[in-house]
Every structure is written in C-alpha cells, then in structure tokens.
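This chain uses plain numbering: 1 for the first residue, then up along the sequence. If you're wondering where the values come from, they're calculated on a predicted model, not measured in any experiment.
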Amino acid sequence: MEDQNSQFKIILGSSSMPRRKILAEMGYEFTLMSADIDEKAVRKEKPEELVMALAAAKAEAILQRLPVCDYVKEAEPTLLITSDQVVVYEGVIREKPANAEEAREFLKGYSGGHAATVGSVLVTNLKTGFRKGDWDRVEIHFNQIPDEVIEKLIEEGNVLRVAGGLLIENPSIKPYVKQVVGTIDSVMGLPKALTDKLIKEALSV
C-alpha cells in the first residue's frame with residue numbers, strides 16, 4: 001500500500017502486534033517504542049476515563065525518553081500514537097487476565113452473553129505539542145462457546161496477553177461470535193477511523 005505519511009513521521013507507542021498490523025494496513029510507516037508503565041498504578045472508575053488516562057501515561061513515559069527538542073527543530077512533524085483498551089463485562093472493567101484460571105472465568109462468562117471493548121487513541125504532535133485523544137466502544141455478542149474451545153484458547157496462551165482475554169479474531173472463537181456492533185479493528189486495539197481522524201487533527205493545528 002502507498003505510504004501515507006511522506007510529510008510526517010509516526011512513532012507507535014505500543015508493543016501490541018495487532019496495533020502494528022492495523023497501522024500498517026492503514027498505509028502508514030512508523031517506528032516502535034514501548035511505554036513499559038505499571039498500568040495497575042493508574043486507576044479510574046469509568047472505563048472511558050481509564051483507557052484515556054492509560055494512553056496519556058504511556059505517552060508521558062515515552063516522551064521522557066525522547067529528545068523532544070530535536071523533534072521541534074525538525075522540518076517535518078513526528079506524531080506519537082499511544083492507546084489502551086479494556087473489556088467491560090456486566091459493568092465491570094476487565095484488563096489482561098492474571099492467570100489461566102482468570103482467563104477461563106472470563107471466557108466462560110462471555111459464552112452465550114455479551115461484552116464490550118472500550119479503547120482509546122491519543123495522538124501527540126512532538127513538533128507543536130498538540131495532543132488529542134478519544135475513545136471508541138464496541139459491543140460483542142456471543143453464542144455458546146464449548147468448554148473444549150475455551151481450553152484450546154487458554155493452552156495457546158494469547159488470551160492471557162489481551163484485555164479481558166478477548167481475542168475475537170482468533171480462528172477458534174470466530175465461529176462463536178454472534179454479532180459485533182462496531183468495527184473489528186477497534187476490538188483488536190486500534191480503531192482505524194478514529195486514528196485517522198486524530199492524525200489529521202494533530203497535523204492541522
């Protein structure tokens with residue numbers, strides 16, 4: 001795909017493979033940096049506030065390691081993109097499962113029920129200092145998920161590395177996803193439309 005950002009650079013502040021894949025699919029070239037923050041140290045009651053606070057904390061952690069004055073001097077702007085995501089199930093915020101047992105409990109709860117993902121995107125223009133973020137919510141409804149499918153997912157291990165143990169793009173669970181109200185890219189951690197909108201806004205100010 002044609003590179004969309006010949007007039008600016010992007011740093012993706014994430015170690016998430018799905019986010020990298022989505023940003024590349026959007027036609028952007030980028031470099032990677034990981035924030036490595038203690039996410040448990042950031043607490044908010046509302047999921048929307050939590051994901052926005054975590055995206056901001058990740059941006060601050062990365063900014064502390066970057067020579068920002070160099071980016072101000074450069075001719076072309078550099079945008080830092082940070083994001084976060086949680087799952088909301090029966091009004092309770094779920095982050096990454098602590099262990100296989102918790103992942104099993106999460107997945108059994110989704111079986112025949114529904115959950116929502118709440119994800120944030122924050123774009124910081126390192127040249128101008130402009131920062132803008134927003135969040136996106138997607139509702140996911142499930143058919144009954146057989147126990148053997150749940151055990152297979154836990155054995156594979158990827159469900160332990162994602163919010164709420166929710167990995168609807170996995171071929172094992174895909175057949176049991178009844179309805180997605182929203183976009184798959186948002187569920188995977190980076191809503192394309194919102195990211196594009198924030199990139200444009202960060203470049204226009």
Side-chain angles (χ1 to χ4, degrees), residues 1 3-5 7-37 39 42-66 68 71 76-88 93-96 115-140 161-164 166-169 180-205:
M1 188 181 280
D3 174 25
Q4 288 201 48
N5 49 308
Q7 302 302 311
F8 60 95
K9 294 174 186 171
I10 289 177
I11 300 169
L12 177 62
S14 176
S15 55
S16 156
M17 280 304 296
R19 287 190 184 115
R20 290 186 213 178
K21 185 170 173 249
I22 291 165
L23 197 58
E25 278 174 4
M26 291 167 71
Y28 291 115
E29 283 186 4
F30 52 91
T31 53
L32 293 165
M33 279 192 82
S34 182
D36 300 322
I37 63 165
E39 296 190 10
V42 180
R43 297 292 86 184
K44 299 282 180 187
E45 281 187 26
K46 292 182 178 174
E48 298 84 3
E49 290 176 3
L50 177 61
V51 293
M52 290 303 296
L54 282 164
K58 288 175 182 178
E60 287 306 322
I62 291 170
L63 286 170
Q64 283 174 18
R65 308 205 312 266
L66 286 174
V68 174
Y71 290 100
E76 47 190 37
T78 297
L79 305 181
L80 170 63
I81 300 174
T82 51
S83 54
D84 196 76
Q85 185 183 56
V86 295
V87 168
V88 181
I93 294 172
R94 289 181 167 180
E95 296 174 86
K96 290 171 189 167
T117 57
V118 178
S120 62
V121 182
L122 181 69
V123 178
T124 305
N125 186 324
L126 302 184
K127 187 175 175 69
T128 64
F130 176 86
R131 177 181 286 187
K132 182 81 183 284
D134 209 344
W135 55 270
D136 187 55
R137 184 182 176 107
V138 179
E139 300 284 338
I140 305 137
R161 293 188 277 275
V162 293
L166 195 65
L167 205 64
I168 67 167
E169 67 275 17
V180 177
V181 186
T183 63
I184 297 290
D185 43 78
S186 184
V187 177
M188 288 173 69
L190 196 69
K192 289 181 180 178
L194 177 58
T195 303
D196 253 340
K197 175 176 169 280
L198 292 171
I199 286 172
K200 288 184 175 76
E201 287 182 23
L203 289 169
S204 66
V205 175

>> One pair to check against side chain to side chain contact (heavy atoms under 4.5 Å, CB included): Ile199 and Ile81. What are the steps and the verdict?
In response: CA-CA 9 Å; Ile199 286 172; Ile81 300 174; 3.9 Å; yes

> Looking at CG of Leu66 and CG of Leu80, how far apart are the two atoms once the value is rounded to the nearest 0.5 Å?
Replying inline: 7.0 Å

>> With a 3.5 Å distance limit and no angle check, can you tell me whether Arg19 reaches the backbone of Gly189 through a side-chain donor-acceptor pair?
In response: yes

> Quick one: CZ on Phe30 to CG on Leu23, what's the gap to the nearest 0.5 Å?
Replying inline: 4.5 Å

> Salt bridge or not for Glu39 and Lys58, using N-O below 4.0 Å?
Replying inline: yes

> Heavy atoms, side chains only, cut-off 4.5 Å: are Arg20 and Leu12 in contact?
Replying inline: yes

>> Could you report the tightest heavy-atom contact between Lys96 and Arg161, atom names first, then the distance?
In response: CE-O, 3.4 Å

>> Which heavy atom of Pro47 sits nearest to which heavy atom of Val86, and what is that distance?
In response: CB-CG2, 3.9 Å

> Shortest non-hydrogen contact from Ala202 to Asn125?
Replying inline: O-ND2, 2.9 Å

> Which heavy atom in Asp185 sits nearest to a heavy atom in Ile22, and how many Å separate them?
Replying inline: O-CD1, 3.5 Å

>> Does Leu54 form a side chain to side chain contact (heavy atoms under 4.5 Å, CB included) with Thr82? I'd like the steps, not just the answer.
In response: CA-CA 9 Å; Leu54 282 164; Thr82 51; over 6 Å; no

> Is there a side-chain contact between Met26 and Asp196 (heavy atoms, below 4.5 Å)?
Replying inline: yes

> Around Lys192, counting heavy atoms of other residues, nucleotides and ligands shown, do more than 12 lie under 6.0 Å from its NZ?
Replying inline: yes

> What heavy-atom pair brings Ala35 and Ala61 nearest, and what distance separates the two atoms?
Replying inline: O-CB, 3.9 Å

>> Would you compute the distance between atom CZ of Arg131 and atom CG of Leu126 and round it to the nearest 0.5 angstrom?
In response: 9.5 Å

>> Counting C-beta onward and ignoring hydrogens, is there a side-chain heavy-atom pair between Met52 and Lys44 closer than 4.5 Å?
In response: no

> Can you tell me how far OG1 of Thr124 sits from CZ of Phe130, rounded to the nearest 0.5 angstrom?
Replying inline: 9.5 Å

> So do Arg137 and Thr117 actually touch side chain to side chain, heavy atoms under 4.5 Å?
Replying inline: no

>> I'd like to know whether Lys9 forms a side chain to side chain contact (heavy atoms under 4.5 Å, CB included) with Leu79, so could you lay out the CA-CA distance, the side-chain angles of the two residues, the decisive distance to 0.1 Å, and finally the verdict.
In response: CA-CA 6 Å; Lys9 294 174 186 171; Leu79 305 181; over 6 Å; no

> Shortest non-hydrogen contact from Leu122 to Ala56?
Replying inline: CD2-CA, 3.6 Å

>> Has Gln85 got a side-chain atom pairing as donor or acceptor with Val187's backbone, closer than 3.5 angstrom?
In response: yes

> How many angstroms lie between CD1 in Ile37 and CG in Asp84, if you round to the nearest 0.5 Å?
Replying inline: 7.5 Å

> Do any N or O atoms from the side chain of Ser83 and from the backbone of Val121 form a donor-acceptor pair under 3.5 angstrom?
Replying inline: no

> About how many Å separate OG1 of Thr78 and CD1 of Ile11, when rounded to the nearest 0.5 Å?
Replying inline: 6.0 Å

